[in-house]
There are 2 protein chains.
Amino acid sequence: MYHINTIKYLYLPMTNISRKPSLKMALNPDDYMPGISIDCVIFGYSNQQLKILLLKWKHQNLWTLPGGFIRKDEDMKDAANRVLEERTGLKSVFLNQFHTFGDIERSLQNGKEQLKRMEFIRQSKLHNDEVIGWLNNRFITTGYFALVDLHKTKPEPDALSDTCEWKSLTDMPDLMMDHKQIVEKALTHLRIQLNYLPIGLSLLPAKFTFLDLQKLYEAILQKPLERSNFQRKVLKLGILRRHEKQMTGAANKAPYLYSFDKKKFKKLIEEGIGFSY
Amino acid sequence: MYHINTIKYLYLPMTNISRKPSLKMALNPDDYMPGISIDCVIFGYSNQQLKILLLKWKHQNLWTLPGGFIRKDEDMKDAANRVLEERTGLKSVFLNQFHTFGDIERSLQNGKEQLKRMEFIRQSKLHNDEVIGWLNNRFITTGYFALVDLHKTKPEPDALSDTCEWKSLTDMPDLMMDHKQIVEKALTHLRIQLNYLPIGLSLLPAKFTFLDLQKLYEAILQKPLERSNFQRKVLKLGILRRHEKQMTGAANKAPYLYSFDKKKFKKLIEEGIGFSY
DNA sequence: ATTTTATTGTATTAATATGATACAATAGAA
DNA sequence: TTCTATTGTATCATATTAATACAATAAAAT
């Protein structure tokens, strides 16, 4: 029992695969890898809160992560980038695979709601019986997590959803299937990454104050950090550039604005220097 | 375009799936998830060298990682455990998923050798045309890495392999497809894990000297460690139990034997304490 | 029997990092 | 002009790490 993969696939590249299907176009199962899906946990940050982009199903109060399938002619990471772009309009952002979820019963949660959903799809004639059968198979899903500047995104619901919204982590609605566990795992990875990557680069606007950065870290770690020590530690990394002061209008000393020095940032990562809070 | 997974699967559990197929039994594609495979990077340690369990294809000098497919009625992690048990005879060892490899061209390497291979399979009549067609599809593979006490294993080649052998990391043969990259990634993860888990527990025999432990860490990290500081750091974790001295026969002070105190070890992990070298 | 040798277990010291606190500078309100 | 809250930075005690030293010791060499 052995897997000698993809040789036919390699030497007989497929034809007749429509290149860029519109979102509303009927899903053609022949174009996609069966049994595998992609789910994206897209993190954003605003109002001092860490947020995740979620979709709400039509006529149901069940939310899901932005997801999709892998075209037979695309790399899995390209599929993840495509999903991300379809929902946010953003290209080439920080996007990392973190785990593949392969339990049989991963779709048990909210099973009744999902049955209702399938009935809705059947009645809506959005998909034919073949597609519905394909969707009904067991899927293993690979989770990717992305960090984006929330204000640069244009959330777009997909064909089966009412809304595509940023939801605060501290106020998460009911999620489909095992999506809650997927979010948990993504968070764990984000927290670990925090020790190795100055993550603010992706989540904050170009210029920010030290307090902004600290609040972001506190939102991710869910614990308060000591201000002056945080400042000292980050400054010592030498990856911040200081700009003009930001007059806040408040009756106190105005903070400086900072931005990331991407060159030094890159160098730091190459050296594999981690730092923890 | 959305994935409402596995509802039919959930509510209509499959029947007629043979429970434990013998290794030599013809592969029935209907029993397995299409397009997804499992590959295991199984680490062992002997003669002060980190080793990996590899299989060599019959009549060809091409080596592969132990791998397999996911039965439609089993969790992905169970599939990985099954593969591990089939090749080593070991159950319930340290086994962790680390990455899923989904590039289209992941099988490009050694393509010619693999074509020869498919021809051999065809001629051997080991599989019928349906199975060969199934194997020829593109596969996405999820990598698991395992840590085992090499001396407790009974390596078993599979139906398509001559030998199943421990190969030193410093002396790796040519590997099929992208298996070299898979090994690299597993190593990276092992090295990161080293900062969070006292990994010796899985790779060393029950009792060992401090030098044994240090050499293991040096083999994994590929860099020398300072003896006395290594000793101090590990001792401070409080997870080692000291036993009798081991008379080495050499003309010098005999080292103590140590073993891991699994209770304290567990406690340490729960507290999430990491340590680095 | 004594000396020698290589290795082990532990101590010591200097350098560095961290946690807690202090304090001067300052933008704007009082 | 004084007051207030926040910012940037300094200070000091404590903890951690790296480098080195050294006594203990098993067995070979003398």
Side-chain angles (χ1 to χ4, degrees), chain A residues 47-48 191 194-196 198 200 204 207-219 221-261 268 271-277, chain B residues 48 191 194-196 198 200 204 207-218 221-261 268 271-277:
Chain A
N47 294 328
Q48 305 197 354
R191 286 181 183 136
L194 207 56
N195 292 325
Y196 299 95
L204 291 175
K207 289 184 181 179
F208 50 88
T209 68
F210 242 108
L211 189 60
D212 292 336
L213 190 61
Q214 186 181 336
K215 290 291 176 191
L216 169 61
Y217 274 75
E218 290 179 341
L221 295 173
Q222 291 290 324
K223 71 174 181 187
L225 300 170
E226 207 291 315
R227 185 185 60 90
S228 72
N229 292 332
F230 176 82
Q231 206 147 338
R232 181 184 53 189
K233 203 163 182 179
V234 174
L235 279 178
K236 202 169 51 179
L237 290 173
I239 51 166
L240 291 187
R241 230 201 298 259
R242 181 184 280 188
H243 300 279
E244 72 282 2
K245 284 188 178 182
Q246 185 188 51
M247 297 305 163
T248 54
N252 50 37
K253 191 173 179 180
Y256 286 103
L257 287 173
Y258 294 85
S259 68
F260 284 100
D261 184 330
L268 196 77
E271 286 165 2
I273 289 171
F275 61 117
S276 53
Y277 294 88
Chain B
Q48 305 198 351
R191 284 178 185 139
L194 208 55
N195 291 324
Y196 300 95
L204 291 174
K207 289 185 181 179
F208 49 88
T209 69
F210 243 108
L211 189 60
D212 292 335
L213 190 62
Q214 186 180 336
K215 291 289 176 194
L216 168 62
Y217 273 76
E218 289 179 342
L221 296 172
Q222 290 291 325
K223 72 174 181 188
L225 300 171
E226 207 289 317
R227 184 184 61 88
S228 73
N229 291 333
F230 175 81
Q231 206 147 339
R232 173 170 47 88
K233 205 164 182 179
V234 175
L235 279 178
K236 202 169 52 177
L237 290 173
I239 52 166
L240 291 186
R241 229 201 298 257
R242 180 185 278 187
H243 301 277
E244 70 283 4
K245 284 189 176 182
Q246 184 187 52
M247 298 302 163
T248 55
N252 51 37
K253 191 174 178 180
Y256 287 102
L257 286 173
Y258 294 85
S259 68
F260 284 100
D261 184 329
L268 196 77
E271 286 165 3
I273 288 170
F275 61 117
S276 53
Y277 294 89

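In what follows, chains are A, B, ... by sequence order, proteins preceding strands, each numbered from 1.
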OP1 or OP2 of C:dA17 under 4.0 Å from side-chain N/O of A:Lys233: no
A:Arg232 vs D:dT11: side-chain N/O to OP1/OP2 distance below 4.0 Å: no
Measure the distance from [atom1] on [X] to [atom2] on [N] and round it to the nearest whole Å.
X        : N      : atom1 : atom2 : value
B:Asn252 : D:dA24 : CG    : C1'   : 12 Å
A:Asn195 : C:dT18 : CG    : P     : 12 Å
B:Phe230 : C:dT8  : CZ    : P     : 13 Å
A:Glu244 : C:dA27 : CD    : P     : 14 Å
A:Leu237 : C:dT18 : CG    : P     : 10 Å
A:Lys253 : D:dT9  : NZ    : P     : 7 Å
A:Leu235 : D:dT7  : CG    : P     : 14 Å
A:Gln231 : C:dA25 : CD    : C1'   : 14 Å

Nearest-nucleotide pick for B:Met247, side chain only, options being D:dT16, D:dA26, C:dG9: D:dA26
Residue mapping more 5' on DNA chain C - nearest nucleotide basis, A:Glu226 or B:Leu257: B:Leu257
Along DNA chain D (nearest heavy atom to each residue), the more 5'-positioned of A:Ala250 and A:Asn229: A:Ala250
Matching residue for B:Tyr258 among B:Lys207, B:Arg242, B:Arg241 - test: side chain to side chain donor-acceptor pair (under 3.5 Å):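 The side chain to side chain donor-acceptor pair (under 3.5 Å) with B:Tyr258 is passed solely by B:Arg242 among B:Lys207, B:Arg242, B:Arg241.
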Side-chain donor/acceptor of A:Arg227 to base of D:dG8, under 3.5 Å: yes
Polar pair under 3.5 Å, donor/acceptor by atom type, side chain A:Ser228, base C:dT21: yes
Spacing of CG belonging to B:Leu211 relative to CD belonging to B:Gln231, to within rounding of 0.5 Å: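 Taking CG in B:Leu211 and CD in B:Gln231, the distance rounds to 9.0 Å.
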Distance-only side-chain donor-acceptor flag, B:Gln246 / B:Thr248, under 3.5 Å: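 Side chains of B:Gln246 and B:Thr248: no pair found under 3.5 Å.
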Any B:Lys215 side-chain heavy atom under 4.5 Å of B:Asp212 side chain: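 The answer is no; the side chains never approach within 4.5 Å.
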Heavy-atom donor-acceptor pair, A:Gln48 side chain to A:Ala219 backbone, under 3.5 Å: no
